[in-house]
Amino acid sequence: MSQKPTLPKGTRDFGPQVMGRRNYIIDTIKQVFQKFGFMPLETPAMENLTTLTGKYGDEGDQLLFKVLNSGNFLAKTSLEDYENGVKSMLHKVAEKGLKYDLTVPFARYVVMNQHDLTFPFKRYQIQPVWRADRPQRGRYREFYQCDADVVGTDSLICEAEIILMINEVLQKLGFIDYSIKINHRGILSGIAEEIGAKGKETDLFVAIDKLDKVGIDKVADELEYKGFTKESIERLKTILNISGVSESVVQQLTENIGASTSGLKGINEVQEIINLVSSLGLDDNNTELDVTLARGLSYYTGAIFEVKINNVSIGSVSGGGRYDDLTGIFGLKDISGVGFSFGIDRLYDCLDELNLFNDEALIFTNVLIVHFDQESLNYGLKILSELRSVGIRAEVYPESAKLKKQFGYADKKNIPFTIAIGSDEIKSGLLSFKDMKTGEQKKLTSAEIIKNLKPINE
RNA sequence: GUGAUUGUAGUUCAGUUGGUUAGAACGCCUGAUUGUGGUUCAGGAGGUCGCGGGUUCGAGUCCCGUCUUUCACCCCA
């Protein structure tokens, strides 16, 4: 008696249909990254637990998947450990863990290879990561991240180029209505200073981050609960109200928090980034300064970004920012970097929701050879290798079967063209070439067919 | 991690207060059509009712456990 197999919680298979579309997204992103000089990197699925723990906060540590030691993993434990619980036990039974994101393994890589790398070092990385989170729609235990980072320079050109890359990827994918939001940790610190909440930045940022979700009143409630004074909150409300086109936002911000050194620095940097973006030839971008943008990750120190596709139910599809000391935790100081990440699953969902997927992503085989008998099958094999030799994706129906079945195969596999071969075709050398979409059929030589097929394959 | 929620054919879902042989649509297979797929028509196959236990004369239906799905919180892509 066999049991029906199932998948572990929060994991998925990607069938050919889904893979066709995912590959289309990934290929588009790769092309753009490479155009901007980013080089590929892959790191192992597993890292040493010591590399991973302590980098994502207490909650992050709990979400790490740990890998049990091989063999008798209980060998190093004692009865005492059982009594002391997980904390005392864990490092004795598990020394490896699945990676939680791509940034920390990247930092580890940079530190380990610091003497071989040429800085500024630009890399992109598209790999799965694992989190023992409780899954929900759009949240999985295994999912792909797609990161691009530059380390070893603090030039704001990097930030500007990130905005360019985001724009190019989104436009190539067919998105029109989206916004790239930019803010700066300096601006947020300036706000904290200005409202007299220095030292409480984390609470403040976490609350601000929820603004677009829960509204200003709920944010105010939360801050009051966390011990912020009434005056601070009122002052914050006026600052967060600042909105509009970038120039006026900059203007108003300077008036409000220009007195703070870090605030001013943040404002100037954002201004500079926006200038650089237009120097790089992108005037009509969807970038806006949004003072309410506050990404939770604590390692960001400079500019931060987030990208939203408008009019869809999905949250942000991309995000990132500058960090001044990512490699410091591994002992390499003063390496500034800036990076960002696309959420492939979310881009997929957005494209799906907006119906932007091109059918071409689902064409795997370009042409199927259909035949009537053994003789025409043999003849078809020659045609098949002729097609393949010029790079056309072609296949033959591998067994003798009714035409209905062979054409049905082409139809279900979304193969756009067929070549039917029978005794007539063999005699004349003119093959029956059919466009499955229009139903149109012509008698052509194999050379003519190749001409017809070539453009589709390129 | 906390609190809910879901699971019946390949898929999406019906299934009455616990009562005979668990249904539909789509999909699949065969034929109408032995040189042509998508449309149409006719027929057919397909179910350990998530899994394990319990209550009962009797459980898809009630109870417990477990796994899974979805949702809110937390956090995040």
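We use all heavy atoms of the structure for the numbers below, so side chains are in, but hydrogens, waters and symmetry mates are not.
Between A:Lys404 atom NZ and B:U30 atom C1' there is a gap of 9 Å when expressed in whole angstrom units. Between the P atom of B:A77 and the CG atom of A:Leu98 lies a distance of 18 Å, rounded to the nearest Å.
Ring orientation note: the planes of A:Phe121 and A:Phe106 are close to parallel, at an angle under 30° on the 30°/60° scale.
The residue A:Gly319 sits apart from the nucleic acid: no heavy atom pair falls under 4.0 Å. Using a 4.0 Å heavy-atom criterion, one finds that A:Tyr144 contacts no nucleic acid atom at all. Note on A:Asp101: nothing from the nucleic acid sits closer than 4.0 angstrom, heavy atoms only. Heavy atoms of A:Gln136 sit under 4.0 angstrom from at least one base atom. If you check every strand for non-hydrogen atoms under 4.0 Å, A:Lys210 touches sugar and phosphate atoms only.
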Tell me, for nucleotides 2-7 of chain B in 5' to 3' order, what letter each nucleotide earns: B for a base near a protein heavy atom under 4.0 Å, S for only sugar-phosphate near one, - for neither?
-> BB----
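Nearest-nucleotide assignment on RNA chain B puts the 5′-proximal partner with A:Gln441, out of A:Arg141 and A:Gln441.
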Canonical and wobble pairing (Watson-Crick, G-U, under 3.5 Å) of RNA chain B, dot-bracket with | | ((((..(..((((.....[...)))).(((((.......))))).....(((((..]....))))))..))))....
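Environment of CG in A:Leu444: crowded, with over 12 heavy atoms of neighbouring residues, nucleotides or ligands closer than 6.0 Å. Other residues, nucleotides and ligands contribute over 12 non-hydrogen atoms within 6.0 Å of the NZ atom of A:Lys172. Surrounding NZ of A:Lys443 are more than 12 heavy atoms belonging to other residues, nucleotides or ligands, all under 6.0 Å away. Annotation: A:Glu375, atom CD; neighbour count of heavy atoms from other residues, nucleotides and ligands within 6.0 Å does not exceed 12.
Separating the P atom of B:U39 from that of B:G27 is a span of 7 Å, rounded to the nearest Å.
With A:Tyr348 as the fixed residue, the ring pair (Phe, Tyr, Trp, His ring centres under 6.0 Å) test singles out one of A:Phe143, A:Phe357, A:Tyr144, A:Phe14: A:Phe357.
When the side-chain nitrogen and oxygen atoms of A:Lys9 are compared with OP1 and OP2 of B:U68, one or more of them lie within a distance under 4.0 Å. Residue A:Lys412 has a polar side-chain atom (N or O) positioned under 4.0 Å from OP1 or OP2 of B:C28. Note on A:Lys402: every side-chain N or O is 4.0 Å or more away from OP1 and OP2 of B:G37.
For A:Lys434, the listed nucleotide lying nearest its side chain is B:U36; candidates were B:G38, B:U36, B:A77. Here B:G37 is the nucleotide among B:C75, B:G37, B:G35 with the atom lying nearest to any side-chain atom of A:Met436. Comparing atom distances between the A:Arg139 side chain and each of B:A72, B:C76, B:U36 picks out B:C76 as nearest.
With centres under 5.5 Å and a plane angle under 30° as the test, the ring of A:Tyr409 is not stacked against the base of B:G37.
For A:Gln406 against B:G35, no side-chain N or O and base N or O form a donor-acceptor pair under 3.5 Å.
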